[in-house]
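Report on one structure; see the data block that follows.
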Amino acid sequence: MTILSWTRRGLLAAVGAVLIAGGMFASATAQTPPGVLIVGQIAEPKSLDPAAVTAVNDFRILVNVYEGLTRYKSGTLEVEPALATSWSISDDGTEYTLKLRSGVNFHDGTPFNAEAVKFNFDRMLNEKHPYHDTGPFPLSFFFSAVKSTDVVDDMTVKFTLNAPYAPFLSNLAYPTGLIVSPAAVAASGKEFGRNPVGTGPFKFGEWRSNEAVVVERNDGYWGEAAGSQAVVFRPITDANTRVAEMLAGGIDLMVEVPPTSLGQFSGDGFSIAEQAGPHVWFLILNAKEGPFADKRVRQAANYAINKEAIVNDVLEGTATVAAGPTPPAFAWAYNESLDPYPYDPEKAKALIAEAGASGAELKFYVTEGGSGMLDPVPMGTAIQADLEAVGFDVKIETYEWNTFLGEVNPGLEGKADMAEMAWMTNDPDTLPYLALRSEAWPDKGGFNSGYYANAEVDKLLEAARTATDQNERAKLYREMQTIVQEDAPWVFVANWKQNAVTNDRVKNFGLEPSFLLHLQGVVKD
Amino acid sequence: MGGYIVKRLVSAVPVLLGITIIVFLIMSLIPGDPATAILGSYATPENVEKLNRDLGLDKPMVQRYFIWLGNMLTGDFGRSFSLNRPVLDEVSERFNATLVLAGTAFVLCSLLGILAGVISAARQYGLADKAITFVVLIGISVPSFFLGMMMILLFAVNLRWLPVSGMYAIYGGGDLPDLINHLIMPALALAAVATGVIARLSRSAMLEVLRQDFIRTARAKGVPERRVIMGHALRAAMVSIIPILGIQAGFVLSGAVYIEIVFQWPGVGRMLVDAILKRDLLLVQGGVVFVAACYVLFNISVDVAQSLLDPRIKT
Amino acid sequence: MPALKVDNISKTFPLKRSLFGPALPGVRAVQPVSFEIATGETLGLVGESGCGKSTLARMLVGLLEPTEGMIEIEGRALDNANPAEFGKLIQYVFQDPQSSLNPRKTIRQVMEAPLKLLHDMSKPDRSKRVSEIFESVNLREEFLDRYPHEFSGGQAQRIGIARALAANPRIMILDEPVSALDVSVQAQVLNLLAELKAKFSLTYLFITHDLAVVEAVSDRIIVLYFGSVVEVGRAEKIFGNPRHPYTKLLAESAPVVGRPLTAPEQKETELPDPLDPPPGCPFAGRCPRSTDLCRVEEPLLKPMGEDQLAACHHPLEA
Amino acid sequence: MSTFFKLLFRNRLAAMGAVVLSVILILVLITPLLPLQNPDITATADRFQKPFADGHLLGTDHLGRDLLSRLLHGTRLSLAVGISAALIAATIGSAIGIIAGYFGGRTDNIIMRGVDMLMAFPYILLALAIVAALGPGLMNALIAVAAVNVPFFARNIRGITVGLAGREFIDAARLAGMGHTRIILTELLPNVLPVIIIAMSTTIGWMILETAGLSFLGLGSQPPQADLGSMLGEARSAMISHPHTSVVPGIMIFLIVMSINLLGDGIRDALDPRLRSGALSRPRATTLVERTGDVPEATDDLLAIQDLETQFHVNKRIYRAVGGVSLSVKPGECLGVIGESGSGKSVTALSVMGLVASPPGVITAGAVRFRGEDLIDAPYESLRQKRGDRVAYIFQDPLSTLHPLYRVGQQLAEAIQSHHKISKAEARERAIQLLEDVRIPNAESRVDNFPHEMSGGMRQRVGIAMALANEPNVIIADEPTTALDVTVQAQILSLLDDLRRDRGLAIVFITHDFGVVAQLCDRVAVVYAGRVVEEGPTGAVLDAPAHPYTKRLIACVPELGGGRRMLSAIPGLPPVVDDLPPGCAFAPRCDKAQEKCRHIDISLAGTGDRSVRCLYPEELV
C-alpha cells in the first residue's frame, strides 16, 4: 500500500539526515589549540572588578589579570612583595608606608603609581569619591581599619589605620586589594567590571556572556611573561557537566572536582593536584539554648560524629579531619599538639546521659551548596545519621546558599540547634575574630551565630590582632585553639584539600594554599 | 485579519500587566534579599541593611513596583545586582540563546511529533504504530534532565561524537555547523517530552478526523489515499493540533531550564533560576516579563495561524 | 382567558462589540410577535430553519430572556428571570431526546427532579407519581433505573415527554418532538401526545418544519418566516387556502405522493442576511408577487377572511 | 463498571501498564512490612556498592545506604506526592474551569485572563518561586507542582464545560427548578468527572516528573528522606563514576510514569463511549472484505448489487446491517431505496464503492458489479479510479461531508484532478462550469467560498456538482435532501431529476420519504432489517403495497391536506440487527403474522418487475 512505502521512505530519509548531520560534525570536537589553556570554572563571574566581587570563582580569574600591593608567597600564606617592593610599619602599628614597584604599566598603558593606589582605596572606602558609585563594594570592610591613604611621592604610599591591625598586609594580598587602572574606571564607569584593566601577567581579551572569559598574555608584563598565549575561563555550573567536559577534552583544567568523580581521573591522561588551604568546615552549635547550651552535649556531638568516615568516604579523601578552629594551613599559628576529638559514640552517649539530653530533638540547618561547603547535603546526612545513632532526633532543613546565610548569619536563636558552615580566610585572625568572640554575636554585627562566649578567648583574640610580632601572635592563637577545642562551640569536622585536575597537555600547574589560581607559569602543549 | 491581530495584541496588554504584578509580588514574598546574596558569608544584618539601602530596596513595595514599571515602560529594566550589568543586555543576550534552543526543539517536536502521530494513526495497530507508541512513551516517561545526562554520557563522553556543553566551540567555532553540532543533544533532550505529547495528541486528532464524513467524501471522489491522509485529514487535524503546539511551546520554553543547566546552555532559563536563588529581583522580573511577552506573542501568532487555517474562526 | 398570551415578544442577540468599530445593532432573531393560545388548544408553529422558532420557544419557557415583550400564563405575567417559576406552568419537550437527558443520571433521577424541586413532594409521593406518569406514556416501570443511552429514539422521546409532564404544567412547548424519529415511531409519539393532552387537559404549542405533521396535530397554525409571523389560520384551511405567498410556497414544496415533481421556485433562494435585514417584507426577494411597496414597507398582520391573518401587501385570493 | 475493565484490559498496553503499576503499588504498600534495611542508616565505608552485592540487592548509594530500601520508600513517597498533587490540581483547576465554563460571559473572561497570565509565566520558575517563598520541603514542592498545574486543568475542564453547558439537558434541569449550584454539582460534574479522571490519570506521571525536576534543582524532600527525584539528584554527582545510583531511580521513574501513561491512555479509551463502537479506530481506505461462499454471476446491468452482505463486527457482536441485498440499475434509471433508520439502506449504498468504515464494517458475501466487473475484490487502485469517476456519491449532510477548510472550488477541482491530469486553471474553469450546471448563481465568486459561507441548499448543490465532476455513469444519493428545508428540497430534487434526464444518469436514491420516492424514482425497493422486503415500479408499490410493512409504513405518513386526525402507527420498534429472529424480521410487529412466518426463511418472490418477501402479502404480485 502506498502509505506504507511512503512512511518507510520518510522514516529512512529522516534517519539518514540525522546520521549525515551527526557524521558531518563528528569531527568538530577537535582538540583545543596549544598555548590556549581552557579552564572549567564553577560559575559565570559576577564582575571582573576586584573590589566588587566576593566569590573565589571570580578571584581565580582576577589574580591573573590584576596584582595587589602584596601577595602570598607561592606554596604558603605568607605575604611577599608584589606591586609594593617594600614597606615599613610605624611602631604603634597604625602607619604602613609602602614603596611601589616602578616601571609598571596598566594594560591600558597608564602608569602604576601612588595616585593609582590612592584612587583604588578611596574608591572603595570614601563614599564621596567620584567613582564610589561603581560599587557596591561588599568586602570593603577588609580595609575598614584604613583611616586614610596618602601619596607620599609618586612611588610611595602611606596607609594610616585607626588602630593597630595585624592582618593588614595579608588583607592587601587578598583579591579585594587588587589594583585596578584608574583611567579605565574613569572610562568605563559602572561597566568597568566587564572591561577590566590591571597590571597582571594576562590582560583581558573578551567576555562572551555565559560562554567564556578570555584573557591573553600581557607582553608588557614587568615580570616573567606568562606561559600560555591565552587562558579561557568557561563557566560550567553543573559539576557533572564539568566532569564530562573534562573527560571529553572540552576543558584542560578543572577546579573543585566532585569527590565522587575523582576516581575518573586517576588513570593516564590526567593528573590531580591537591593542596590543603586555610579552610575549616564546622557545625555551629547553638550554645545559647537547647541541649547544646551544655558543654558536655557539645563535646558529645564532637565525639559522636565519625569525621574519619566523612573525610575519607563522603569526601573521598579530599579533606582531613579538623582538630580545632584554626586550619593547619596557617602553619605558624596552628597548634600542632591538638588532636581531633576521636570518634567515640559510647563516650558521646555517656556525656549525653550525664547532661540529661538523651533523645533531644535537634533542628539542623543544611545548605545545598555554597562557597567552601564541599558536599554539604551528603555530609549533613551522614552527620545526621551519626547523631541519631547516639540517641538524638535530628531534623534536617535544607536551604539554598543565600537563603541559608540569611537564616544562619542573624543567629540560630529560636530557630535551630546546629548549622553547617565553612570559612576560607587569609589570616588566622579572621575566622575566630569574626565568629567566636562574644563581641561578635550577630546582634553586634559579627558571625558568632552560635552565641559562644568565653572571656579568655575574647582577650586572646584582641591581643593577637594588635600584636605586630608574629611569634607573639602565634602563641596567643595556639592558646585560643586549646580553649575553644575544649569548649566545643562547634563540631570541628574537616579541612579541605583543594583539588584540581589537568589533562596531560598541561604542565607546571600547581595549586596554592590561598585557593587562588595563579596560571602565569602554566604551559600547555 | 490586520484588525484581528491588533485586537489580539491589545488584549495581551492586561495579561502582561497582570504578569508584572504576579512576578513582582512573588519576588517580594520570597524571603532573603539580594544584599545577603551579594555579601555571601560576610552578610551581617548591618552590612545587609546598608547595601539594601544602596540598592533602593528600603522603599515601600507599591512605590517600588511603580518605579520599576515606569522605568520598564521607558525601556529601562534596571541593573542586575548579581551580574552587575543592565538587565536588558543580559536578558536579550540570553534570550537569543534560549530562542535558538527552544525554537529548534519546538520545530523538532512539532515535525517529529506530527509525523509520528500521522504515521501512527495511518497505520493504527500496525507495527509502525506500536514502535512509535513505544518510542514516544520513553520520551514522555523519562525526566528530560536525566535523558540529557545520559546523552552526554553516551554521545559526548564515551563516543565523543558531540560536544558536551555550551553553545559554540570555545575555539574555532561560531559558525552554523558548530552551532548545530552543539544543538543536537540539548534540542533532542528538550524536544523529547513535547514530541511524545504532540505525537499522542496528533494521533488521536487524526483518528478523530479520519472518522469524519468529509474524509469519506474525499474517498468517494477517488482522491488517492496518501492525499486523503496528508491533505484532507492532516489539514483538518491541524485545527486541533495547533493549539496543542501552542501549549507545548510553553512547556518547551519552561523545560529549557533543566536542559540549559545540564548542557550549560547560556540561556535565559538557567539565568532566571540563578537569579531567583540569588534574589536578583530586577533580573527575575525583567526576565520573566520578557519570557512571558514572548509566550503571549507566540500564542497570538498561534491564534492567527489557527484563523488562517480555519476560515470558520471569526477574525 | 387564554392559556398563554404572548405580547410583542422579540429577541435581539447582541453582537460582540468590536474594539474600534461602532457598536453594532445586534441580530434580531425574533421580530415582535404576539399571539394567544386558548386553553386546550394545540397551536402549530411552522417555519424553515433559521426562522426563529426555537428562539421563540426558548423565550416562552424562560430559558432565554426576551429583549422586549411580555408573556402571560392564565392571566399572570411571568418573571422573565426565573425558569423555575416557568417550570411549574410551562414545560418544554426538546427535539433531540437523547441530548435532553443527562447521560449520567438514571431516568428515575431525571424524573424526580421536578417533583422534588418544583412541587416539594416527599419521597414516597414522588415515586408514586413517577409510576403514574410512566404508565401514561406507555413505558415500563423497569426502565426507571436505566440510563438514557439504553433507549431508542422513540423511547427517549417518551421519557422526555414524561419528564415534562412530571412538572405538572399547564402548557407544553413541543419543539420538533418527532423530527428525529422514524415515521413508524413518529406516529406512535404523535398519538401519545394527543392522548396526554386530553387526559391532563394540556395546551400545546407544537413547533415543526413538517407541514403534514403540523396539520395533523394542530387546531390553528402560525407560519413564521425570518422571525416574523406571516400567516395565522385554522389548521385544516391554511395550507389548502394560503393567503401569504410564502405559505403557498411551503405547501407546494412538500413532496406528496401522486403529485409530479416541480420546483415551485427556481431562483437563488437564500434567507436574507440577519446582520443586514432588508427593509420591507423579508420575503419580497423570493416573492413572485412582490412590488416596490413590498421592498419599502413592512406588511402588518391583517385579518383575511374567517380565522385567518396574513402579513402581505398582495395576499393571494381565497 | 465491568465493561469498563473489560475494555481496559482488551487494550494490551494498558493491561501491561496496569500490571506494572499494580506490582509497584503493592510493593510500595507492603514496603513497611518487608524485611528491608532502614533506608536512612548510613555506612559510608560501604558506599557505591554495585547491584547484587552482599546484603544489598541493588547496591548502595553514596552514603552506603541500601538502594533497594531507599528505592521502595522513595517510590512510596513520590507516588503519594504525585497523586496528591494531581488531586489538588484537579480539584482546584476543575472547580475554576467548571465555574468559568458554566457561567460564561464576564466571569469566564476574567477567570480565563487570570489563567492566561499564569500560563504565560514559565511554570518551572513559578514552582521555583513558590518553593522559594514557602521554604524547602516535599510538602511545599507538592503545593508548587499542584499550583502550577491548576491552569491546565482549568483550561481543559472549561472547554469541556462550555460544550456541556450548551446541551439541552442543562436547559431541562433549569426547567426542573434547579439552581446554579445544583446544576453544577448534579448535572455538570458527573459528566465532567470522566474527563477530570482522564486528565488526572495522565497528569500523575507528569507530576512525578515535575517533582523530580524540582528535586533536581535542589528543592524537594529533606534528607535523609528519599523520594525518587531527590535520589536522582543526590546520585547525579556520581553519575559518571557510579551510574547505577542514578539508573536505579531513573528506571523506577520511567516504569512508574510509563505505566501510568499507558493505563491513563487505556482509561481514556475505555471511558470514551465511542471506542465501544470502534469509532476511535481508523477507517481503512476500503471496506474490509472477508467473502465466503460463491460469487454471483455477472449480469448486464449497469450497476448490480448481488446478494450483498455487510456486517459490523463490534467486539464479539456481529451486526448484520445488510443481509443479502440485490438491487440493480440500468442507464438513465432511478431506483429508490426506502427504509427506516437502521434498515441497512445506507450501508448498502456505501458498500458499493467500499466506503463502509472498517473497522467495524466487513463485506462478507455477495458482489457489486459495475458493467459486469466485480468491485468487491477489486484492488484498491482500480476501485479508487472508479470512485467519483464512474460511480459518484451525494451524501446527506452537506455541512459535514464537505471539507470545512478547503474552498469549494478546490474541492471540485480535486475531484477532477484525482482522475484527469489537467492544469490548475483548467480545473478551476471546470469547477465554475460545474457550479453553473447545478444552477449556483455567481459561480465565479462562489467558487472561492468555504462551505460554511454557503447555505444548506447551496452546499448540497456543490455536493451534486462534485458528483457530476467526472460525468459518472451512476450516482448514489444517500438521503441528499433530508437535512434541507422543504422549499430547498424541492429545488434539489427537481435539479437531480433534470440532470438525470439530460445526462442519462443512473441514480440510486436512498431516502425514508415516500413523497420523495414517488416524485423522483422509477422503481423502489423497500428495505427492512437489512433485506429488501418489496420491490417494484414506484407507482405500483405505492398504490398497492404488497408487504404488510410497506402498507403500514405508508399509512403512518401523514399527508398534507388531511386535516387534524389520529395517525395509524406500527407498534413496537424495528429489530436490532445483531440478534435477528429467524424467519420474517417484521413478524413481531405484523398483525398478519402466523407461526410459520417466525421460522421459515422467506425469499423475495414475484412476477415481472414486482416482488415481495412475504408469505401472506397484502396484494398478489
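Chain identifiers are assigned alphabetically (A, B, ...) following the order of the sequence lines, protein sequences preceding nucleic acid strands; residue numbering begins at 1 within each chain.
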**Item:** Flag side-chain contact, heavy atom, 4.5 Å: D/M466 against B/T217
**Value:** yes
**Request:** May I ask you to name which of B/V23, B/L29, B/V284, B/V228 has the most heavy-atom pairs under 4.5 Å with chain D?
**Result:** B/V23
**Item:** Test item: D/L405 and B/M238 side chains (from C-beta on) under 4.5 Å apart, heavy atoms
**Value:** no
**Request:** Pick whichever of D/D116, D/I476, D/N261 has the most heavy-atom pairs under 4.5 Å with chain B.
**Result:** D/N261
**Message:** For B/Q212 and D/H403, which I'm curious about, is there any donor-acceptor pair between the side chains at under 3.5 Å?
**Reply:** no
**Fill in**
Whatever's closer than 4.5 Å to a heavy atom in chain B on D/I208 counts as neither
**Request:** Kindly give the heavy-atom pair with the smallest separation between D/A357 and B/R211, and that separation in Å.
**Result:** CB-NH1, 3.6 Å
**Prompt:** What part of B/A220 is in contact with chain D, defined as an atom under 4.5 angstrom from a non-hydrogen atom: side chain, backbone, both or neither?
**Reply:** both
**Complete:** Result for side-chain contact (heavy atoms from CB on, under 4.5 Å) between B/S141 and one of D/V257, D/L262, D/L255, D/I260 points to D/V257
**Asked** Mind checking whether B/I247 and D/R155 have side chains closer than 4.5 Å, heavy atoms only?
**Response** yes
**Intermediate values then yes/no, side chain to side chain contact (heavy atoms under 4.5 Å, CB included), B/V142 and D/I253** = CA-CA 7 Å; B/V142 176; D/I253 291 184; over 6 Å; no
**Request:** Considering only heavy atoms and a distance below 4.5 Å, find which of B/I26, B/L210, B/V223 pairs most often with chain D.
**Result:** B/V223
**Prompt:** Does any non-hydrogen side-chain atom of B/H232 lie less than 4.5 Å from one of D/Y406?
**Reply:** yes
**Residue among D/M353, D/M239, D/M119, D/K386 with most heavy-atom pairs under 4.5 Å to chain B** = D/M239
**Message:** With a 4.5 Å cut-off on side-chain heavy atoms, are B/P143 and D/L232 touching?
**Reply:** yes
**Item:** D/E453 CD to B/R312 CZ distance, which is reported to the nearest 0.5 Å
**Value:** 11.5 Å
**Item:** Contact leader toward chain B among D/L350, D/L134, D/I394, where contacts are heavy-atom pairs under 4.5 Å
**Value:** D/L350
**Message:** I need the minimum non-hydrogen distance between D/M117 and B/V15, along with the two atoms involved.
**Reply:** CG-O, 3.4 Å
**Asked** What option among D/G213, D/A467, D/P243, D/A392 has the most heavy-atom pairs under 4.5 Å with chain B?
**Response** D/G213
**Item:** B/I215, part contacting chain D, at a heavy-atom distance under 4.5 Å
**Value:** neither
**Request:** Might you work through the salt bridge (Lys or Arg N to Asp or Glu O under 4.0 Å) test for B/R227 and D/E414, ending with a clear yes or no?
**Result:** CA-CA 10 Å; B/R227 200 176 137 67; D/E414 190 185 27; 2.5 Å; yes
**Request:** Could you grab the distance from atom CZ of D/F152 to atom CZ of B/F251, nearest 0.5 Å is fine?
**Result:** 3.5 Å
**Prompt:** Taking the side chain as C-beta and beyond, is there a heavy-atom pair between D/L125 and B/V288 under 4.5 Å?
**Reply:** yes
**Contact origin within B/V262 toward chain D - heavy atom pairs under 4.5 Å** = side chain
**Asked** Just by distance, do the side chain of D/Y393 and the backbone of B/R216 share a donor-acceptor pair under 3.5 Å?
**Response** no
**Asked** Do you know which of B/I261, B/V273, B/L253 has the most heavy-atom pairs under 4.5 Å to chain D?
**Response** B/V273
**Prompt:** If you round to the nearest 0.5 Å, how far is OG of B/S254 from CG of D/L128?
**Reply:** 11.0 Å
**Asked** With a 4.5 angstrom heavy-atom cut-off, which part of B/V257 approaches chain D: side chain, backbone, both or neither?
**Response** side chain
**Prompt:** So, the side chain of B/K221 versus the backbone of D/Q411: is there a donor-acceptor pair under 3.5 Å, distance only?
**Reply:** yes
**Request:** Quick one: closest heavy-atom pair of B/Y258 and D/I124, and the distance?
**Result:** CE1-CD1, 3.3 Å
**Request:** Output, in order, the C-alpha distance, side-chain angles, deciding distance and verdict of side chain to side chain contact (heavy atoms under 4.5 Å, CB included) for B/V193 and D/W206.
**Result:** CA-CA 10 Å; B/V193 173; D/W206 177 239; 3.9 Å; yes
**Gap separating the CG atom of B/L137 from the CZ atom of D/F254, nearest 0.5 angstrom** = 7.5 Å
**Message:** Please rank D/A129, D/A120, D/A133 by heavy-atom pairs under 4.5 Å with chain B and give me the top one.
**Reply:** D/A120
**Asked** Any idea which of B/T133, B/V157, B/L16, B/I140 has the most non-hydrogen atom pairs under 4.5 angstrom with chain D?
**Response** B/I140
**Item:** Which portion of B/I19 sits near chain D, non-hydrogen atoms under 4.5 angstrom
**Value:** both
**Message:** If you compare all heavy atoms of D/S418 against all heavy atoms of B/P224, which two are closest, and at what distance to 0.1 Å?
**Reply:** OG-CD, 4.0 Å
**Asked** Any chance the side chains of B/D213 and D/T401 put a donor and an acceptor closer than 3.5 Å?
**Response** no
**D/R236 side chain vs B/M149 backbone, donor-acceptor pair below 3.5 Å** = no
**Asked** D/S246 versus chain B, heavy atoms under 4.5 Å apart: side chain, backbone, both or neither?
**Response** both
**Asked** Quick one: are B/E225 and D/Y380 in side-chain contact, heavy atoms under 4.5 Å?
**Response** yes
**Prompt:** Where on B/I276 is there a heavy atom nearer than 4.5 Å to chain D: the side chain, the backbone, both, or neither?
**Reply:** side chain
**Which atoms of B/V289 approach chain D - backbone, side chain, both or neither, heavy atom under 4.5 Å** = neither
**Prompt:** D/S400 versus B/F214: any side-chain heavy-atom pair under 4.5 Å?
**Reply:** no
